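Here the structure is a predicted model, which means the values were calculated and not measured.
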Amino acid sequence: MILPLCGKVYNFIHPFLCRFIYTNTTELDGETVLKCLNAGKKYCIQGLQVLCTQFLDRSVSVENVCTIYEQARFFQIGDLVSKCKRFIQENELAVIKGNDFRNFHRDSLTDFLAIGKLPNNEIDYFEAAHRWSEEECKRKSLDASPENRREVPGPAFHEIKFGLFTPEEFAKKVKPTGLLTTDEQTEIYPWIILKKQPRSEILKAFSSIPRSIECNTAVKDTCFKESRSLNDTFYISLSVSYPMALTKLETSISGLEARTKSVSVTEEKESQEVTTTTISDMQYNDNTITLNNSAELKPGVTYTISIDLKGEQYYDQYYGYNPYGSEAFQHYVPHNDEVSVPIVFGGLIVSVGEKLDVVQRIGLNRTTHKISAT
């Protein structure tokens, strides 16, 4: 395991440093690499810095990624910082359940909880932050009282989205910790059970906008079937109320990889300036396009996502109408109408103008979050 560096300044020439000076090489392991990196930085020995950075780069794992991330930030090793971020994002659940998560600094914990994107796993974020708080109390030689465990994470505590918990999770996992006051619990319980918004100060302190969401706009309840042709290009229009990232488009067209010519995002600004970006880094799974580098969506801007096909395609599609209203994330209209569909969930509003017989589901992730603390 790579041990965290405790901020010491070494006032002696480490034997590993001497060996490198005379031989241009040295043996590194998890116990010595950070000491050598510190010595290389202190004495401006570029070769030793490169050697240590390469060792750390090869060593990134669930067991040490948070420690390496903090050291990379401390030594301002940009490439290694970026690699650790990608690794954490790709292995998020394993990282937050691992012991090394406790080695995050408080500002890193806040950033992580603000942008974490695990769907339907808010309790995992809470438990990880709670374990971090207990460890931080030990590091600071503080009594692990509920007051101290709530105080040490600072603004990170307010990145927990308590309004997204289930009643059982809240009762069994959150209440026994004593981290929330009686008044806060009294406000949050109805928020969870009845979806009734609490007082504004609670809403600001624990904003519960979903970290990610899949908007289902598919027509359900079949009443007839027809075959029709699809134009060479189809599109959806999006506008969001919070910073989001478009991550996935699911359509009613199969075999998209062979049929798609290009995918582009057009941003329509208030100045009437139009900017179009062609997306090239994406994956196909039959009728679904997943964007490897998600398209960033800003509030107050209308975006048009266009998919240009290789010629006209034919397909079969079912359409339906429900006279009794719609369920969450479903909108029932005649199949050939183009409409605006406001999708509201947890305070997030996504307006979608599109052809409902083509686009079925839209994947979105939250990207940034303004921290609000009581």
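- Under the 4.5 Å side-chain criterion, counting only non-hydrogen atoms from C-beta, I188 is not in contact with P198.
- Judged as a side-chain contact (heavy atoms from CB on, under 4.5 Å), and not counting sequence neighbours, the contacts of T290 are K248, T288.
- Between the side chain of E267 and the backbone N or O of V301 there is no donor-acceptor pair closer than 3.5 Å.
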Next item on the list: Could you please spell out the steps behind the salt bridge (charged side-chain N to carboxylate O under 4.0 Å, His left out) verdict for R199 and E187?
Entry: CA-CA 7 Å; R199 288 181 289 114; E187 289 285 337; 2.8 Å; yes

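- More than 12 heavy atoms of other shown residues, nucleotides or ligands fall within 6.0 angstrom of atom NZ in K83.
- Listed by chain and residue number, D124 satisfy the side chain to side chain donor-acceptor pair (under 3.5 Å) test with K97 (two or more places apart in sequence, or in another chain).
- A129 and L113 make their closest contact through CB-CD1, 4.1 Å (heavy atoms, listed as atom of the first residue, atom of the second, distance).
- Looking at heavy atoms from C-beta onward, F162 lies out of side-chain contact with I192 at the 4.5 angstrom threshold.
- In summary, of the residues considered (E159, E184, E201), a side-chain contact (heavy atoms from CB on, under 4.5 Å) with F206 occurs for E184 alone.
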Item checked: CA sep, side-chain torsions, deciding dist, call: V62, F87, side chain to side chain contact (heavy atoms under 4.5 Å, CB included) -> CA-CA 8 Å; V62 169; F87 185 91; 4.0 Å; yes

Checklist line | Steps toward side chain to side chain contact (heavy atoms under 4.5 Å, CB included) verdict (D107, R73) | finding: CA-CA 12 Å; D107 56 346; R73 287 181 65 231; 3.0 Å; yes

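- With R150 contributing its side chain and S133 its backbone, the two residues share no donor-acceptor pair below 3.5 Å.
- Side-chain polar atoms of E63 and S61 form a donor-acceptor pair below 3.5 angstrom.
- In this structure a side-chain-to-backbone donor-acceptor pair under 3.5 Å is missing from E92 to G116.
- Taking the side chain as every heavy atom from C-beta outward, I160 and V174 never approach each other to under 4.5 Å.
- Side-chain contact between I88 and N91 is absent, with no heavy atoms from C-beta onward closer than 4.5 Å.
- How far NZ of K261 is from OG of S306: 13.0 Å, rounded to the nearest 0.5 Å.
- For the pair E151 and R106, the tightest heavy-atom approach, listed with the atom from each and the gap, is O-NH1, 3.9 Å.
- Checking side-chain atoms of E268 against main-chain N and O of T302 turns up no donor-acceptor pair under 3.5 Å.
- T177 is linked by a side-chain contact (heavy atoms from CB on, under 4.5 Å) to F126, H130, R149, L179, counting only residues two or more places apart in sequence or in another chain.
- Considering only heavy atoms from C-beta on, V240 stays 4.5 Å or farther from Y303 through its side chain.
- N103 contributes no side-chain N or O that, together with a main-chain N or O of T67, makes up a donor-acceptor pair within less than 3.5 Å.
- Under the side-chain contact (heavy atoms from CB on, under 4.5 Å) rule, Y69 has a single partner from V81, D100, V95, which is V81.
- F112 and F104 have tilted rings, their planes meeting at an angle from 30° to 60° on a 0 to 90° scale.
- At least one donor-acceptor pair under 3.5 Å links the side chain of E70 to the backbone N or O of H105.
- Taken together through direct or relayed side-chain contacts under 4.5 Å among Ile, Leu, Val, Met, Phe, Trp and Tyr, V274 and L246 form parts of separate hydrophobic clusters.
- With hydrogens and angles ignored, the 3.5 Å screen pairs no side-chain donor or acceptor of D286 with any backbone N or O of S254.
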Next item on the list: Show your working on side chain to side chain contact (heavy atoms under 4.5 Å, CB included) between C137 and V152 and close with a plain yes or no.
Entry: CA-CA 7 Å; C137 285; V152 291; 4.3 Å; yes

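- Every residue meeting the side-chain contact (heavy atoms from CB on, under 4.5 Å) condition with D183, not counting sequence neighbours, appears here in chain and number order: T181.
- No donor-acceptor contact under 3.5 angstrom links the side chains of N365 and T247, judged on distance only.
- Checked against side chain to side chain donor-acceptor pair (under 3.5 Å), D281 has the following partners two or more places apart in sequence or in another chain: N292, N293.
- Between L180 and F170, some side-chain heavy-atom pair lies under the 4.5 Å cut-off.
- Between K173 and T166 there is no side-chain heavy-atom pair separated by less than 4.5 Å.
- Side-chain atoms of F101 and E135, non-hydrogen and from C-beta on, never get closer than 4.5 Å to each other.
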Margin query: Evaluate T304 against V265 for side chain to side chain contact (heavy atoms under 4.5 Å, CB included), listing each step before the verdict.
Written below: CA-CA 6 Å; T304 300; V265 177; over 6 Å; no

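- In this structure, the side-chain contact (heavy atoms from CB on, under 4.5 Å) partners of E296, at least two apart in sequence or on a different chain, are A245, S294, T367.
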